[in-house]
Structure formats: structure tokens, C-alpha cells
Undergrad: 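Input: one structure, supplied below.
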Amino acid sequence: MEYNFQEIEASWRAFWAKHKTFKTEEVTDKPKYYVLDMFPYPSGAGLHVGHPLGYIASDIYARYKRLQGFNVLHPMGYDSFGLPAEQYAIQTGQHPRITTEENVARYREQLDKIGFSFDWDREVRTSSPEYYKWTQWIFKQLFDCWYNKKTDKAERISLLIAEFEENGNKAVHAEHDFEGVFSASEWGAMSAKEQQKVLMSYRLTYLADSWVNWCAELGTVLANDEVVNGLSERGGHPVEQKLMRQWSMRIKAYAERLLTGLDTIDWTDSIKDMQRNWIGKSQGASVKFDVVDSDKKIEVFTTRPDTIYGVSFMVLAPEHPYVDEITTKEYKAGVEEYKHNASLKSERDRQADVKNISGQFTGGYALHPFTGDKVQIWIGDYVLASYGTGAVMAVPCGDQRDWDFAKHFDIEIKNIFKDIDISEAAYTEKDSVIANSDFLNDLPAKKAIKRAIHEIQQRGIGEGQTNYRLRDAVFSRQRYWGEPFPISYKDEVPQLVSDENLPVTLPEVDKYLPTEDGEPPLARAEDDAWNYFEGDRMEYNTMPGWAGSSWYFLRYMDPKNEDEFVAKEKVDYWQNVDLYIGGAEHATGHLLYARFWTKFLNDLDYIPFNEPFQKMINQGMILGKSAIAFIGKEDGKLYSYDLIKKGEDSNYRQVKILIDLVNDDESIALNELRKWQPQFESIDLVKNEEGKIIVKREVDKMSKRWYNVVNPDVLCERYGADTLRMYEMFLGPLEQSKPWDTKGINGVHNFLRKLWRLMHDKDGNVALSEEAPSKDALKTLHKTIKKIGDDLERFSFNTGVSNFMICVNELTDQKCNNKAIIKDLVVLLSPYAPHISEELWVKLGNEPGTVGIAKFPVFNKEHLVEANFGYPVSFNGKMRFKLELPTNLSKDDIEKEVLANEQAQKWLEGKAPKKVIVVPGKIVNIVI
RNA sequence: GCGGAGAUGGCGGAAAUGGUAUACGCGCUUGAUUUAGGAUCAAGAUUUCGAGAGUUCGAAUCUCUCUCUCCGUACCA
């Protein structure tokens, strides 16, 4: 019998499903290992060969860990709330749940064909009420907590209330946005509604007015990346900024811990750097400037307090609250116009428009806190209202933007750096010496910073401060297909829905669109359409995509628990994810939010760790090879690419065609092409000498748009899942992006057939030798055990496949069909190619379905010991010949033997060597 | 601009700790088998590590300078 992969794979998949071979054990004495993939959004397009890349790698690793005796948690689920299903619902009226279920079923079918060892009994879907009940519950905990900077963790809001009742808020050191101080009695005198308002500015999730992109034409709010040049990406409709009441997450409270925590986890430097930049910590000082003819003080943040004597003007963001008060009559009109123009631009546009320097003098002046000089106050949109205090002290000699601004508006540029020329550009390095600055004179910048902060604090005009770029995250979406909030409103005060009434499920609505007056789709639901309703109304917003994905890795540990989001003893056993595999594109989204929620849940002692993903590998993207056909612009004929002369591309229209229409020799299957699209139906052809039309290839992202998608189902059918798994790994290092080329898959397939033949005779009968294995075979096997183990430890899956090929090639050359050898080889191979391994395992006389829990073979280096070693002999570093010598020779003996050799004499040409380097077991180098 | 990753045959890619460059696979050539195509088997060829300099007995690997590619990010005071 030949290697009949279709039959073998189908029967083993059935066996695994029937016997629940990959069911994870609950808490045991075994050491645990948690291998997780980033769960997918089940899109309508199904999987292409790029999607399973990471899943295959993690599956191999999970199976390897099982062979090592670990209790492995290796689950899969779906991030099943999302925009495409909702978009489809808007167009067709079909409930997004139905679309989602269909897509999930299709994903499952495709995933099942690849032979993953997922424990499907633990599947989670973020859109199922059983799951989002607990997303809502976590939201409630965030609502019920505040961040105490004294203990540096989240605490229950009841503790804060107790403190307010006792001492007011003056001793409270919290992450908050409440302005003002109140005493215990003032707190007591507040109405319940006022108290709630105060508490809202302390809660870890809070309601506040935020600016959003509103597109009236589409009747919906758009995310920043859905807006291009002020128009909607879809349809090109105008988008305006609208202030809406939104839920936000006070992630800023965790900025420092999110930063320092990065040092404790094993992620790539690039992702860590992205998160560091995103958090954007900067240290400096806040300084207050008095305003002439006003009791207001302008507070600025600066990282260079040492340059304070270089301040020659101030700039406020156009939205700064003091602008109107500071502006003098004379400049009112100009300031109003500037503010108006700035408000029309989105923040994104303002940031994109870096080169245009704009600003407007307000007519007002501030007083320099040290010199008492009057400095002009300007407004300018290079100052962002949302960062720092929304105001800067401009030091043109030390900051390029300030310098540009000063030049543009002809404002004085003071030089406070010793011996540095600032006539052409600002000097931004911190290696200068300060001058013209009173008490800071002659201090190097770094010392001057400390001295300046000290002085600023002494004089009570400011203090040392640390700022973060990280902003609180808006947590509401005006969408239908997301988690409802466990919130109702009474007199417009939000109330939590009590635990026993969770989950609040999505109500039925007549349309998945916002209401006429711009309320989110959920506002369409009748009161009795809600499974739970209280107060005046329920919350109309839904949660964003990252809500469910911020904690899903916890639910896999205990997916069916109806009483808790995860049982304590289970999370204590499984701990955090040991290996997380997924794309790098979630660097500052999901991966940051999941870390935030983990730290929060850890603060409340629900989970025993504060980083969710200990080690992470980001798999590279698999790119597609698009096929390009050339159509003459003048004659409209289809040309073979090899007929097109260099530099004449522009005379042709280049059209991407479906890659399935291209044969192995890069020629187009013309009959199919004519049927594919009407434009080719009767096109004239200009063929090459062989009578073919050749295409040009180009590497693009794999996407339906470029007609270059390769479907794994087709490959599973043609070559089998084991071949597909190994080929995906064989393509190259996991982390690297690489183009998909189906042609090479034959090589891997042939390897499996060669393996099969190793223990079958010509007629397909099992033929195994029970004798003691040969020395050569043992050497090959143990070399392979070592390499496969090492490769797995460093996640080098591609070299693993190569090493299997080398092993089978060698055993074939040795004509080895030794049972003991092949048995170990099959165990080694089983993580990569589980189906064929199960089949051969049974043929080797073992219990069906047990190869996955066999023992990983133990490497014995004695089998690699050789009596001789072929020394490469180099002259001046160039290898000239090899010399077989016993491995037990001493350095001196090796040197003697080599020099005595006639080949060496030939290369020496009678000269005496200057030096001879001998590295036993490695190399001999002769210097002449 | 800033940050990160990378550059090895015709192609995908191998080469802990510096020590036989191009393993493994694809493709290519020749031969065998086959009615042909495909498939299979056998034999074989090609290539000096992005450029330059340095350290070393010896550099793909270490150091410096430069070039190019990909990814992320962008007025953050």
C-alpha cells in the first residue's frame, strides 16, 4: 500500500475527535504548559495559507511539550464581535449572529483539516452571552475601583468613599481628573448625584465627553483609520468632529507599571519598543507662569527646565481654556479665526501638516518666573491640547519647533548655550553648557536640569514631574455587534446592573443603524426587547473589539464556569500563558489592553500574576505571488510577458489575474481565463515562441483583491495536512515574512513518502527489522534527536524539517528499516506530522492514538563518538584538503601528522610554516 | 526625522559559542522509465556571503562607515 494520506488523515481525525485525544487534563500534579494562539476574527473570506502558520507552529510546540510530560493547555476560540458582520447586517438585514455562526462553522471546518491538537471543549466566543457575561462583570469591577497611587494599585471605590467621609479628598493620592479640593463635611453636604459625579472622575472606567469622528451620511461613528483626509474611507462622505459622552478606561493609571513590566517578559525588542513609545514617558518639570492682568496661571510641562532662561514666548493650544481670557480686544478677531480654522482640521490632519507653521498672537503676556520679563503668549496648533497641559514655554534656541515658530513670526531667539551657534537651527542635544542663565550658568545641561527643578520647587512655581503620552482609552462604540454595557441610567446617572442579572444580552432591533437623532443602534430597541431593563433607559453604546480579547486567555482555563470568570484554583494552576503566538500588528492595541486588565485583576487578587503572556513570538506574514498579465494600451491585445522589452512596460496595462489560472510553467490557462472575466472573453493573444502567454510575478499581501489567495483546503486535499504543516514550517523562519510558493510543496510531500517507504517493501507491506540497530543508524538517529530537540527549544521549525529530511535520506542510504530506530523517529516527527506518525506508530505495534503521549526520545551522545575525524587543513585560512586522523590524537601529534602529509608538503612548496593552529576536533590552519 | 528588523546561488533558506560557506528543498541539465503529459529513479552543474575598512592564524558571524529593503511611528514640549 502506498502512502495514502487522504485515508490516513481522515481516519485519524475521526479517531481524535471520537476519543477526545487532546482533551486537557484539569489541575494535576504534572507541570503545566500554556500555549496560546491569538484567536481569529472569523471573516467571511475563510482561511488562506497565511492564517494557520502560527497555529501550526504553536501546535507543534504544544505536542512537543506533551511528549516531554507536561500537562498542556492549547485552546482555540473566536474573537467573534466585529465590524464586517455588522456591515453585512446593515446591507442585508440579516442578524450578525447568523453571519458570525456561519463563518465560525467554516473556520472550524478549515481548521479541523489541518490536524490541530486543540481541546475544542474549551472553545470560547466573545460574542456568546455566556462569555460576555464575564466581560461585563470585569467592566463592573473596573467601574467599582479607583487607582490609589500610595499603594500603587487598584482599590475598591468603597475605600475611597470612606476616605472622603473621613477626610475629604485632600490626602487622596489617586489617578483622577477631578479638579478641586473638598473636606469631609463638604463631601457630606453633596447630593447623591454630585457625589456620583465626583466618584466618576476617580473610577477606572468612567463616562466623559470625548471627540469622535461622526459621519452623518453613513449615520455612524468612524474610527480614526476609517477617515482619510476628512472624508470617510467608504464612500468619501464628509466627517465631522463631534463631542459625545463616552466610556473611557483609565489606563493612564497603569502607565508606569505597563512600562516597567516590559522588562520581565520575553517579547521581541520591536514590540516592546512600540509599547514604550506608545506609553511615551518623559521626565521634566511643570512650571506655572503668571499672566499679566489676570489671576490665571499658565502651567506648562517641560523636559528641559535647564533652558528656562531661554524662554522668549509661550504657545497655547487653540483649545486651551484660558485663550479667550488672555486674548486682548485688538487680537480677538484674529484669534477667533485661528481657532475656527483649527477646529475644522482633525487632529490627524493637524499632525500630518507639519511643514506649515501657523500661529496667532493673543496680545497677552506672561511673566517669566525667574526674570520677571514679559513674554508674548501665542496660540498655535503645533501645541496639542491633549498632551501635557496644552501649553508650552517656547525655548527657540533649544527646540526646533519653537525655533521654526520664532523665525517664522520674527520673535527673539535668546541663546543660553555656551559656545554653540544657533543661527541656523536649534541645539537639541543635552551635552551643552548653560550660559546667560543666572544661577544655572556654566552648569552642564544634565546638572542644570536637576538644579532648575530644585529651584523651581523652592520658589513654589512648579515641581518635578513625569508625563506619559499614553491616553485613556475610549471604550464605547456606537455599534450593534458588540458587548452591551451592564449599565442603566436613572436621571442620567449610570447604575450598574447587579451580578444576578448578568449578562445583559443584545436586544433585537429593527435596523442595525443609528437612530435619526444620532443615537447608537441599541437605542432602537424597545424597552421589553432587553432581557433586563431598569431605570429610565439602558446604555446604548457597546464595548469595543478589544474588550473580549483582553481576558480570553483566562476563560480557556475554566470555560464553562457559571459562577466565576475563572475558578481560583484553576488560574493558580495554569498561571499565565507560557508561549503566545500571533501577529505583531496588535502591538499597541490588544497586547497593551490585555496587560492592563491582567494587572488590574491581579490588583484585586483574582489572578496570581501581572503579565498575561510570558513569552511571545510574532509570526511573519505570508505574502502572495500575484500574477500579472500585460494588455497593450494601443491594440488591446494580451501579450506574453517574455515578449515585452525592458523599459516598455508603460505601453501596457498591467492586470492582476487569478493565480489559479496560471500553470506551473507560468503560462496562462487561456480557456479558463476567457471564462473568468468578460474582459478576456474574446481578447486577441500575442503568444511567445512556445505558443504560450507568460505572466509576470509580483509579491503582494495575500488578499482576494489581488487574486493571489492560496487556500489550505485545496492543499490538504492534494498533498495532505501533514505535508501542508511541514511545508509551512519549511518556508523559512517563523518570524520572517515570506512569499508563498506552492511549487516547493512537492519536496516535503516526497519526504513523507520516503519515510513511508523506509518501513514498507515494494508491495506496500510493512517490512521491519527487529535486530539490534547498526552503529550508523544509531548515529543518524541520535544526531537527529539532538537537532530536533534543539530546534524546538529555539523555535526554529524550518531547520527541524530539514533535519528530518537529512535523517530519512541517511536512513534510506543505509537501507535501514530497523524497528527501534524508526519508532523513535516517528515520535520525534509526531508534533510536525501527527497523522502519518499515528499511522506508523500503530504499524510499529503500539496502542492507537498514543504517539502523542509517548516519551520524547533521549539523546545519547555516545552514539556520535567517532574514532576518526576528517580534519579540514587550511593554509592562510583557505581550506585545501581534508585529512582523516584519530580523534584521540594530541595537538602536537596532529600537527606532526599534518605536516608530514604529502599534500601539506605540496601546499607548503618547501617553505617552513610560520605558525600552525590546531583546534582538536575542528580544524588545522597553517600560516605560511 | 526617529525606532525596530533585515541583505548569503536562479528561488525559499542552512551555518550556538568566529573554525570545511551555500546543508535541506525548489528550479535547471543529462540519462532511465512512460504512447504522451504528469509522476518516479539515477547522475550532475551553478554560486563566495549588500559595499568598503578594521580586529584575527582564521570573519556570513565581532567593530566602524556607507548603501538598499521591509515594518512601525510621527509636531509629545
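By convention in this document, chain letters (A, B, ...) are assigned in the order of the sequence lines, proteins followed by strands, and residues within each chain are numbered from 1.
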Undergrad: Hey, mind stepping through A/F5 and A/H749 against ring-ring contact (aromatic ring centres under 6.0 Å, His included) and telling me if it holds?
TA: CA-CA 10 Å; A/F5 56 86; A/H749 189 63; 5.2 Å; yes
Undergrad: For residues 916-928 of chain A, which side-chain N or O atoms pair as donor and acceptor with protein atoms under 3.5 Å away, sequence neighbours left out?
TA:
| from | atom 1 | to | atom 2 | distance (Å) |
| --- | --- | --- | --- | --- |
| A/N925 | OD1 | A/G877 | N | 3.0 |

Undergrad: Strictly below 4.0 Å, N to O, side chains only: are A/E866 and A/K779 in salt-bridge contact?
TA: yes
Undergrad: Among residues 913-921 of chain A, which contact RNA chain B at a heavy-atom distance under 4.0 Å?
TA: A/K915, A/I917, A/V919
Undergrad: Taking atom C1' in both B/G1 and B/U8, compute the distance separating them and give it to the nearest angstrom.
TA: 32 Å
Undergrad: Defining pairs by Watson-Crick or G-U wobble geometry with both distances under 3.5 Å, how would you list the stems of RNA chain B with at least three pairs each?
TA: B:1-7 with B:67-73, B:10-12 with B:24-26, B:28-32 with B:40-44, B:50-54 with B:62-66
Undergrad: So A/D892 and A/K896, salt bridge (Lys or Arg N to Asp or Glu O under 4.0 Å) or not? Walk me through it.
TA: CA-CA 6 Å; A/D892 288 347; A/K896 268 182 217 150; over 6 Å; no
Undergrad: Tell me every residue that passes side-chain hydrogen bond (donor to acceptor under 3.5 Å, both in side chains) with A/K692, counting only those two or more places apart in sequence or in another chain.
TA: A/D665
Undergrad: Could you work out, with side-chain hydrogen bond (donor to acceptor under 3.5 Å, both in side chains) as the rule, every residue matching A/K701, not counting sequence neighbours?
TA: none
Undergrad: Would you list the protein and nucleotides 40-46 of chain B atom pairs, both N or O, that sit under 3.5 Å from each other?
TA:
| from | atom 1 | to | atom 2 | distance (Å) |
| --- | --- | --- | --- | --- |
| B/U40 | OP1 | A/N750 | OD1 | 2.8 |
| B/U40 | OP1 | A/N750 | ND2 | 2.9 |

Undergrad: In whole Å, what separates the C1' atom of B/G3 from that of B/U17?
TA: 30 Å
Undergrad: Rounded to whole Å, how long is the line connecting atom CG of A/L755 with atom C1' of B/C24?
TA: 16 Å
Undergrad: Does some side-chain heavy atom of A/I271 sit less than 4.5 Å from a side-chain heavy atom of A/H586?
TA: no
Undergrad: For ring-ring contact (aromatic ring centres under 6.0 Å, His included), just list the numbers for A/F313 and A/F405, CA-CA rounded to whole Å, side-chain angles, deciding distance to a tenth of an Å, and then say yes or no.
TA: CA-CA 10 Å; A/F313 58 101; A/F405 195 88; 5.5 Å; yes
Undergrad: Between B/G19 and B/A53, how many Å separate the two P atoms, rounded to a whole number?
TA: 22 Å
Undergrad: May I have the distance from A/D741 (atom CG) to B/C11 (atom P), rounded to whole angstrom?
TA: 13 Å
Undergrad: Would A/T799 and A/S802 count as a side-chain hydrogen bond (donor to acceptor under 3.5 Å, both in side chains) if you check the C-alpha gap in whole Å, the side-chain angles of each, and the deciding distance to 0.1 Å?
TA: CA-CA 5 Å; A/T799 53; A/S802 301; over 6 Å; no
Undergrad: Which whole-number value in Å describes the distance from A/F797 CZ to B/G25 C1'?
TA: 19 Å
Undergrad: How far, in whole Å, is B/U22 from B/U48 if one measures between their C1' atoms?
TA: 9 Å
Undergrad: Rounding to the closest angstrom, what is the interatomic distance between B/G50 and B/C57 at atom P?
TA: 24 Å
Undergrad: What is the separation between atom NZ on A/K882 and atom C1' on B/G19, rounded to the nearest whole Å?
TA: 13 Å
Undergrad: B/A23 C1' sits how many Å from A/F751 CZ, rounded?
TA: 15 Å
Undergrad: Quick one: side chain to side chain contact (heavy atoms under 4.5 Å, CB included) partners of A/V699, sequence neighbours excluded?
TA: A/L623, A/K625, A/P739
Undergrad: Can you check whether A/N618 has a side-chain N or O nearer than 4.0 Å to OP1 or OP2 of B/A5?
TA: no
Undergrad: If we take the C1' atom in both B/U73 and B/C64, what is their distance in whole Å?
TA: 28 Å
Undergrad: Restricting to nitrogen or oxygen on both sides, can you table the protein-nucleotides 29-32 of chain B pairs closer than 3.5 Å?
TA:
none

Undergrad: Give the rounded distance in Å between these two atoms: CD of A/E735 and P of B/G13.
TA: 12 Å
Undergrad: Should A/K743 and A/D741 count as an ion pair when the cut-off is N to O under 4.0 Å?
TA: no
Undergrad: For nucleotides 71-73 of chain B, which of its nitrogen or oxygen atoms have a protein nitrogen or oxygen under 3.5 Å away, and what is each distance?
TA:
none

Undergrad: Does the distance from a Lys or Arg side-chain N to an Asp or Glu carboxylate O, for A/R794 and A/D790, drop under 4.0 Å?
TA: no
Undergrad: If you measure from the C1' atom in B/G52 to the same atom in B/A7, how many Å do you get, rounded?
TA: 16 Å
Undergrad: Taking atom C1' in both B/G27 and B/A74, what distance in whole Å separates the two?
TA: 44 Å
Undergrad: Taking the inter-plane angle between the rings of A/H368 and A/F370 on a 0 to 90° scale, is it parallel (under 30°), tilted (30 to 60°) or perpendicular (over 60°)?
TA: tilted
Undergrad: Could you work out, with side chain to side chain contact (heavy atoms under 4.5 Å, CB included) as the rule, every residue matching A/D399, not counting sequence neighbours?
TA: A/R401, A/D402
Undergrad: Could you tell me how far apart A/D306 (CG) and B/A77 (C1') are, to the nearest whole angstrom?
TA: 13 Å
Undergrad: Tell me, please, which residues at least two apart from A/Y338 pass ring-ring contact (aromatic ring centres under 6.0 Å, His included).
TA: none
Undergrad: Does a side-chain N or O from A/T303 land closer than 4.0 Å to OP1 or OP2 of B/C76, or not?
TA: no
Undergrad: Please, which pairs that meet salt bridge (charged side-chain N to carboxylate O under 4.0 Å, His left out) have at least one residue in residues 461-470 of chain A, sequence neighbours excluded?
TA: none
Undergrad: OP1 or OP2 of B/G13 less than 4.0 angstrom from a side-chain nitrogen or oxygen of A/Q736, does that happen here?
TA: yes
Undergrad: Just the rounded figure in Å: distance from C1' of B/A74 to OH of A/Y387.
TA: 14 Å
Undergrad: Which heavy atom in A/P318 sits nearest to a heavy atom in A/G380, and how many Å separate them?
TA: CD-O, 3.4 Å
